[in-house]
Amino acid sequence: MPAPRPSAATKPVRWAADAVSALREGARVRLDYSAQSLWRVDRLIEEIRREGAPYAAVETVLRGLGAYAGEVVVRQAGAEWWTSGGEHWVRTPDGRLWDPVDEARRCFAGDGSLRLLCRDATGAVRR
């Protein structure tokens, strides 16, 4: 039986699951928590940005997609969620902290990539 997840994971895991469910139901997009699925997530955020949606209208979606990317890193790298002051980060086994929720916001601003964050975070573990 797997060990219980730390309480810091509660909110981001729920946000990620909500995003996966909403995309499956609304956009017929299936996300499987693989690193490859982050290509699709980056493209989805780019499409939302190109449509000119105001940030306030997509803030919850971006939080969910960022949490999804963080959960991909957690699963791929044996990382864990950390929280402080209402912010959530992923800590990889090498002690580095990653902020996938903020990276989703950066993607929306045209200056970020959840796929590259995952590559960097999981690559740091493999070295």
Side-chain angles (χ1 to χ4, degrees):
M1 182 166 187
R5 301 281 301 265
S7 62
T10 303
K11 285 184 178 180
V13 168
R14 187 178 66 237
W15 298 334
D18 288 350
V20 168
S21 178
L23 287 170
R24 184 179 59 242
E25 300 301 317
R28 300 281 186 242
V29 172
R30 294 208 179 274
L31 299 175
D32 61 3
Y33 292 94
S34 68
Q36 294 80 14
S37 69
L38 294 176
W39 284 88
R40 183 174 298 134
V41 173
D42 276 349
R43 284 195 311 267
L44 283 168
I45 293 172
E46 172 65 22
E47 288 173 21
I48 293 168
R49 184 172 67 80
R50 273 200 314 258
E51 290 171 2
Y55 176 77
V58 297
E59 183 176 7
T60 302
V61 171
L62 294 173
R63 183 185 67 190
L65 294 175
Y68 171 81
E71 191 59 16
V72 170
V73 172
V74 165
R75 294 177 184 198
Q76 301 278 321
E80 62 184 341
W81 284 101
W82 281 51
T83 186
S84 176
E87 298 294 319
H88 293 80
W89 302 280
V90 171
R91 183 176 184 263
T92 48
D94 63 1
R96 293 173 68 187
L97 290 173
W98 305 85
D99 190 344
V101 174
D102 187 58
E103 190 69 14
R105 293 181 195 118
R106 289 171 29 93
C107 290
F108 182 70
D111 185 36
S113 169
L114 293 171
R115 177 184 58 84
L116 294 178
L117 178 137
C118 180
R119 183 197 68 189
D120 292 347
T122 59
V125 173
R126 282 184 277 227
R127 286 190 199 118

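FYI, the numbering just counts along the sequence from 1.
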Checklist entry - Glu71 and Arg75: salt bridge (charged side-chain N to carboxylate O under 4.0 Å, His left out), yes or no, with the steps? => result CA-CA 6 Å; Glu71 191 59 16; Arg75 294 177 184 198; 3.3 Å; yes
Checklist entry - So, does Arg24 use its side chain to make a donor-acceptor pair with the main chain of Arg30 at under 3.5 Å? => result no
Next on the checklist: Could you see if Leu38 belongs to whatever hydrophobic cluster contains Tyr33? Use Ile, Leu, Val, Met, Phe, Trp, Tyr and a side-chain cutoff under 4.5 Å.
Outcome noted: yes
Next on the checklist: The test is side chain to side chain contact (heavy atoms under 4.5 Å, CB included); show your working for Val90 and Trp82 and say whether it passes.
Outcome noted: CA-CA 6 Å; Val90 171; Trp82 281 51; over 6 Å; no
Checklist outcome for this item: side chain to side chain contact (heavy atoms under 4.5 Å, CB included) filter on Val61, not counting sequence neighbours, yields Ile48, Leu65
Checklist entry - Considering residues at least two apart in sequence or located in another chain, which fulfil the salt bridge (Lys or Arg N to Asp or Glu O under 4.0 Å) criterion with Glu46? => result Arg49, Arg50
Checklist outcome for this item: In short, Gly70 meets Pro100 closest at the heavy-atom pair CA-CG, 3.5 Å
Item to check | Phe108 with Trp15, same ILVMFWY side-chain cluster at under 4.5 Å | outcome: no
Item to check | Side-chain heavy atoms of Ser34 within contact of Trp39, under 4.5 Å | outcome: no
Checklist entry - Applying the 4.5 Å side-chain criterion to the ILVMFWY set and letting contacts propagate, would Trp89 and Trp81 be lumped into a single cluster? => result no
Next on the checklist: To the closest 0.5 Å, what do you measure between CZ (Arg63) and CZ (Arg105)?
Outcome noted: 9.0 Å
Checklist entry - In terms of hydrophobic clusters joined by side-chain contacts under 4.5 Å, are Leu62 and Val13 together? => result no
Next on the checklist: Can you give me the closest heavy-atom contact between Tyr68 and Asp32, atom names plus distance?
Outcome noted: OH-N, 3.4 Å
Item to check | Verify same cluster id: Leu116, Leu31 (apolar side-chain graph, 4.5 Å) | outcome: no
Checklist entry - What are the two closest non-hydrogen atoms of Val101 and Ala67, and how far apart are they? => result CG2-N, 3.9 Å
Item to check | Rounded distance (nearest 0.5 Å) linking atom SG of Cys118 with atom CD of Gln36 | outcome: 8.5 Å
Checklist entry - To the nearest 0.5 Å, how far apart are CD in Glu47 and CZ in Arg40? => result 11.0 Å
Item to check | Contact check, side chains of Glu103 and Trp98, non-hydrogen atoms, under 4.5 Å | outcome: no
Item to check | His88 to Asp99 - nearest heavy-atom pair and separation | outcome: O-OD1, 3.8 Å
Item to check | side chain to side chain contact (heavy atoms under 4.5 Å, CB included) partners of Asp42, counting only residues at least two apart | outcome: Cys107, Ser113, Leu114, Arg115
